[in-house]
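Every chain is numbered from 1, with letters handed out A, B, ... down the list of sequences.
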Amino acid sequence: MLAFVLRRVAQAVLVMLTVGLIAFSLFTFVGDPVLFMLGQDATPEDRVRVTKLLGLDQPFYVQYANFVGRALQGDFGLSLRQVRPVSKLFVERLPATLELSFAAAFLALAAGIPMGVYTALRRNSWLAQVFLTVSLIGVSLPTFLIGILLILVFAVVLGWLPSFGRGDTIAIGWWTTGLLTASGLKSLILPAITLGLFQMTLIMRLVRSEMLEVLRTDYIKFARARGLSDRSVHFRHALKNTLVPVITIAGLQLGAIIAFAIITETVFQWPGMGLLFIQSVTVADIPVMAAYLCLIALFFVVINLVVDLLYYAVDPRLRVDRAAAAH
Amino acid sequence: MLAALLTVVCVGGAVFAPWVAPHNPFDSGTLVLTDGFTPPAWTAGGTSRYLLGTDDQGRDILSTIMYGARISLAVGVASVLFSMVLGVGLGLIAGYVGGRLDAFIMRIADIQLSFPPILIALLIDGVARVVLPRESHDQIAIYVLILAIGVSSWVQYARTVRGSTLVERGKEYVQAARVIGRGQASIMFHHVLPNVLSPVLVIATIHLATAIITEATLSFLGVGVPATQPSLGTLIRVGNDFLLSGEWWITVFPGAALIILVLSVNLLGDWLRDALNPKLR
């Protein structure tokens, strides 16, 4: 157990160090920071002094270690475009992305699970067919096109919902939320649908196939033979057992949602981290890019690590395999 | 049948765009600026000269779509080929040589598999744009894009090829080749490679549609193909700015074209897969 955990943690740390190295090497392309700070007229003595002060006279690996040390404390320097600490920018943007992501995940679960159950139980009804067809469209359309089409229908033609931005927000400490104002909630609807649609279809199809599988098993037949009502069989016995893989997938997909938020945020000009990253790419704002790289890698590494460890804790077969392989 | 016709029209229109398109949208000499924002032919204010209307600079939407689909298709095919070569090569080496090299390559593959491909493509593309000199962006943007999309999806190929190489490696013909003294590289590429290639082609046909969507997404985000040589994604991005002011056709038609292109590439892939696999006939 301990060896497995240690190996996984070591791998995660290695991935983070590699991503950190890529982020760090980006900085070598911004030009000479000493020249940037002192200007053309600096004396050679001043240059040497500032180079020493910035630690640029040290060997590469020492500089990298310093970078990692600062990054661990959340210090990525100043944004070149906005001349403000990068960490501040991200703290401002984080609530927007997380609210959008969790709204999308909630939507995907809240709509996907009932739709999956329905399509499994009433396989031949027309509504089930409609759900399946819609899900096929949801899978095959690119995210940004779904967003554009939603804007066209609900914002331009019908004029019901806003097409961009976050609406009014309320600050609770450092966290700004749009969930407590009417305009904030209205602005959230279209982006959340855009972001959640793919995950919703995924969950719907997963629930449907798992449900069909479970309904064939002996204990369901037995429950029916005991004379339990359909409702009790379907929801108490069947659904409960389909939810284990659904929760795993939902957890794993959380990372994907945060990644795909880049696209949704660009379509709806949603002021989150993804939009910040895209803007920083177009103007070559390297500190912001480096921070985003590290942050998104951290999200994925942590999610995968947690899922791996949970699997290991839940599934005893994994342990047996490892033990057998070791002998 | 209808699907086949659609596919032929769509892919044909894209490939032969310079010959079949009604206008050349990139020849500024023929552009009429006052024709800008002409709506599609069947609505009020449209003319039959511009079937699907024009954009802000008076370019014919139908023609830009045809040229754009051509670039989308080219980038898609090129990036699929690139990731195929990369993935097959690494998978073959990992499977045949084995040992530490195998463990190293497959560990990288595992790690990459935990990130969504589109994110990897976006990050590679974004980093490359910053690293490379600004002046050369427009010329090399397409190649950077192909590289980014290609690198983002080599894992599938490598895993499949490694799996079948492990099986092939133990077979008699490989032992025979070794006995007559052929070199490792020669055995790998002349003997093993042809036998592990058929599932690769199936993956490639499925992957092409994904590659086209990835390209469109990156171009839409503004980090893909430059506006001087727009692909479908770039066209959608440019048109998106006019969506709110009512000029919906500038973005909706390229969007529809993208959907149809992806659909017909998928159909083509299905057909190819069946044609290449005699067992299914």
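Proximity to chain B (any heavy atom under 4.5 Å) is shown, for A:Ile263, by both the backbone and the side chain. Heavy-atom distances place both the backbone and the side chain of A:Ile262 under 4.5 Å from chain B.
When every heavy atom of B:Pro116 is checked against every heavy atom of A:Ala256, the shortest pair comes out as CG-CA, 4.4 Å. The two residues A:Val281 and B:Gly126 make their nearest non-hydrogen contact at CG1-CA, 3.9 Å.
Contact tally against chain A (heavy-atom pairs below 4.5 Å) for B:Val252, B:Leu122, B:Asn266, B:Asp110: the top residue is B:Leu122. In terms of heavy-atom pairs under 4.5 Å with chain A, the best-connected choice from B:Thr214, B:Thr210, B:Ile213, B:Leu263 is B:Ile213.
For the atom pair B:Arg237 CZ and A:Ile148 CD1, the distance stands at 11.0 Å (nearest 0.5 Å). A:Glu265 contributes atom CD, which lies 11.0 Å from atom CG of B:Leu221 (distance to the nearest 0.5 angstrom).
Contact check for B:Leu119 versus A:Phe300: side-chain heavy atoms found under the 4.5 Å cut-off. Side-chain contact check for A:Met289 versus B:Leu123: every heavy-atom pair is 4.5 Å or farther apart.
When B:Leu258, B:Val262, B:Ile259 are each tested for a side chain to side chain contact (heavy atoms under 4.5 Å, CB included) with A:Leu141, only one passes: B:Ile259.
For B:Gln156, the CD atom sits in a loose shell: 12 or fewer heavy atoms of surrounding residues, nucleotides or ligands are nearer than 6.0 Å.
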